[in-house]
Amino acid sequence: MITRIVIGITGGIAAYKIPHLIRLLRKQGAAVKVVLTHHAQPLVGSETLRTLSDNPVYHDSETVYDMDHIRLAQWGELLLIAPATANTIAKVAHGIGDNLLTTLALAFKPSQVMIAPAMNTAMWENSATQENIAVLRRRGYQVLPVGSGELACGDDGAGRMLEPEEIVKAAGGGRILSGRRLLISSGPTEEPIDPVRVITNRSSGRMGAALAQAALAMGAEVIVVSGPATAPLPAGATVIPVRTAAEMEVALSERFSDVDVCIMAAAVSDYRPEKVASEKIRRSGETLSIRLVMNDDILAGLGTKKGASQLLVGFSLESDGDSARAREKMNRKKCDLMVFNRVDQALGTATTTVTVLHRNGTQFTMENTDKAEVARALLERIAELLGTAHE
Ligand code: CTP
């Protein structure tokens with residue numbers, strides 16, 4: 001549980017819900033300090049906030065050069081910006097610090113900042129906002145989803161701030177992987193044919209990146225062994241770039257014994273060319289054969305080395321909708337969890353449909369869900385299995 005929370009309130013109507021949020025957080029034992037932007041001040045009473053938080057309330061002062069923001073960043077374990085307007089989200093995404101709150105946001109590590117957006121549907125759906133949110137997520141900020149329903153402007157649609165109860169759940173459960181080490185493999189592998197050609201696959205590395213981001217936000221130490229993927233990895237993760245399956249195997253095996261969890265989200269090439277031509281293969285003859293030899297199964301190898309307290313998670317990409325093969329792979333490779341998805345619903349897409357199988361026979365399914373959400377749900381399950389979920 002996080003014990004010291006700085007709440008940053010910006011100028012959204014949902015600011016009126018923050019006194020209730022403070023009460024809920026304090027009931028759970030958290031100490032709270034509040035920072036208000038100029039536009040938030042008319043929307044919620046400072047005296048109410050001061051009384052409920054039992055701490056001074058911080059505004060932009062005339063003496064903007066005092067050390068308040070640094071002191072608050074040292075004090076707080078989490079900066080929760082709620083409600084977060086499109087304007088403040090844009091400023092944080094671009095590193096602008098033009099008031100106490102945005103300056104404070106710069107002084108916190110991205111993984112310590114949680115953002116609860118609130119705005120009208122058109123502003124939420126605007127590509128500027130969506131791109132800013134994508135930037136923040138990529139850097140490891142925890143951006144909460146928005147709710148749908150009636151908005152203060154009278155519109156009906158997406159953009160509502162999550163209810164205080166849900167925010168408390170996210171903030172309280174936020175650091176469930178604190179002190180844990182995660183090793184994640186991500187992206188495709190590349191097997192050379194000659195100096196210019198490779199055998200690879202269509203994995204974008206988005207799932208691995210989403211897992212790394214979510215795990216950082218949950219307080220984990222994250223190492224990503226990544227093939228040549230296109231999806232950017234969050235700052236804050238230790239990245240070990242590899243190309244071939246053999247390089248990936250070495251990088252993972254070297255670190256496996258030091259981690260609590262290993263998630264094999266990489267799309268590993270099952271075969272490699274038997275011989276790599278030292279010069280570019282010339283065009284000649286009507287056909288060309290390349291003999292392939294089998295690569296080691298990295299996951300199965302890790303399964304045989306797994307310690308009693310370690311968790312091993314695999315991904316099983318299948319061409320049809322049958323989870324039986326995924327379950328068989330989970331058992332054969334000695335995985336604790338296996339994420340089963342279908343080829344047409346997984347590779348290179350932002351959303352995916354997955355079924356998460358557990359070796360005890362239980363499972364859950366998420367349909368057409370954003371990979372960030374899938375990553376969070378999977379890591380919550382992992383935290384439960386590690387026994388830290390309710391710490
Ligand atoms: N995997 C691995 N090493 C390989 C191949 C796969 O570690 N050489 C891992 C993948 O990262 C994934 C899991 O094994 O977590 C399942 O991968 P998948 O390609 O679905 O399974 P395969 O064992 O290759 O089975 P098949 O090709 O028969 O579907």
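Each ligand, and each atom within it, is numbered from 1 in the order the structure gives.
Both Ile89 and Tyr141 sit in one connected hydrophobic cluster of ILVMFWY residues. Membership requires side-chain heavy atoms under 4.5 Å apart, directly or through other members.
Between Arg272 and Glu190, none of the side-chain N atoms (NZ, or NE/NH1/NH2) sits under 4.0 Å from a carboxylate O, so this pair counts as no salt bridge. Classification of Asp194 and Lys280 as a salt-bridged pair fails, no side-chain N sitting under 4.0 Å from a carboxylate O. We find that Asp320 and Arg325 are not joined by a salt bridge, their nearest charged nitrogen and carboxylate oxygen being 4.0 Å or further apart.
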Enumerate donor-acceptor pairs with a distance under 3.5 Å from any side-chain N or O in residues 33-46 to protein atoms, sequence neighbours excluded.
| from | atom 1 | to | atom 2 | distance (Å) |
| --- | --- | --- | --- | --- |
| Thr37 | OG1 | Ala40 | N | 3.4 |
| Ser46 | OG | His59 | NE2 | 2.9 |

Could you go through ligand 1 and note, for every N or O atom, any protein N or O atom closer than 3.5 angstrom, writing the atom names and distance to 0.1 Å, or 'none'?
| from | atom 1 | to | atom 2 | distance (Å) |
| --- | --- | --- | --- | --- |
| ligand 1 | 3 (N) | Ile298 | N | 3.0 |
| ligand 1 | 7 (O) | Ile298 | N | 3.4 |
| ligand 1 | 7 (O) | Leu299 | N | 2.8 |
| ligand 1 | 8 (N) | Asp296 | O | 2.9 |
| ligand 1 | 11 (O) | Ala266 | O | 2.8 |
| ligand 1 | 14 (O) | Lys333 | NZ | 3.0 |
| ligand 1 | 15 (O) | Met264 | O | 2.9 |
| ligand 1 | 15 (O) | Phe315 | N | 2.9 |
| ligand 1 | 15 (O) | Phe315 | O | 3.2 |
| ligand 1 | 20 (O) | Leu317 | N | 3.3 |
| ligand 1 | 20 (O) | Lys329 | NZ | 2.6 |
| ligand 1 | 21 (O) | Lys329 | NZ | 3.0 |
| ligand 1 | 23 (O) | Lys333 | NZ | 2.5 |
| ligand 1 | 24 (O) | Asp270 | OD1 | 3.1 |
| ligand 1 | 24 (O) | Asp270 | OD2 | 3.0 |
| ligand 1 | 25 (O) | Lys329 | NZ | 3.4 |
| ligand 1 | 27 (O) | Asp270 | OD2 | 3.2 |
| ligand 1 | 28 (O) | Arg325 | NH2 | 3.1 |
| ligand 1 | 29 (O) | Lys329 | NZ | 2.9 |

Stepwise, does the side-chain hydrogen bond (donor to acceptor under 3.5 Å, both in side chains) test hold for Thr365 with Thr355? CA-CA 4 Å; Thr365 297; Thr355 298; 3.0 Å; yes
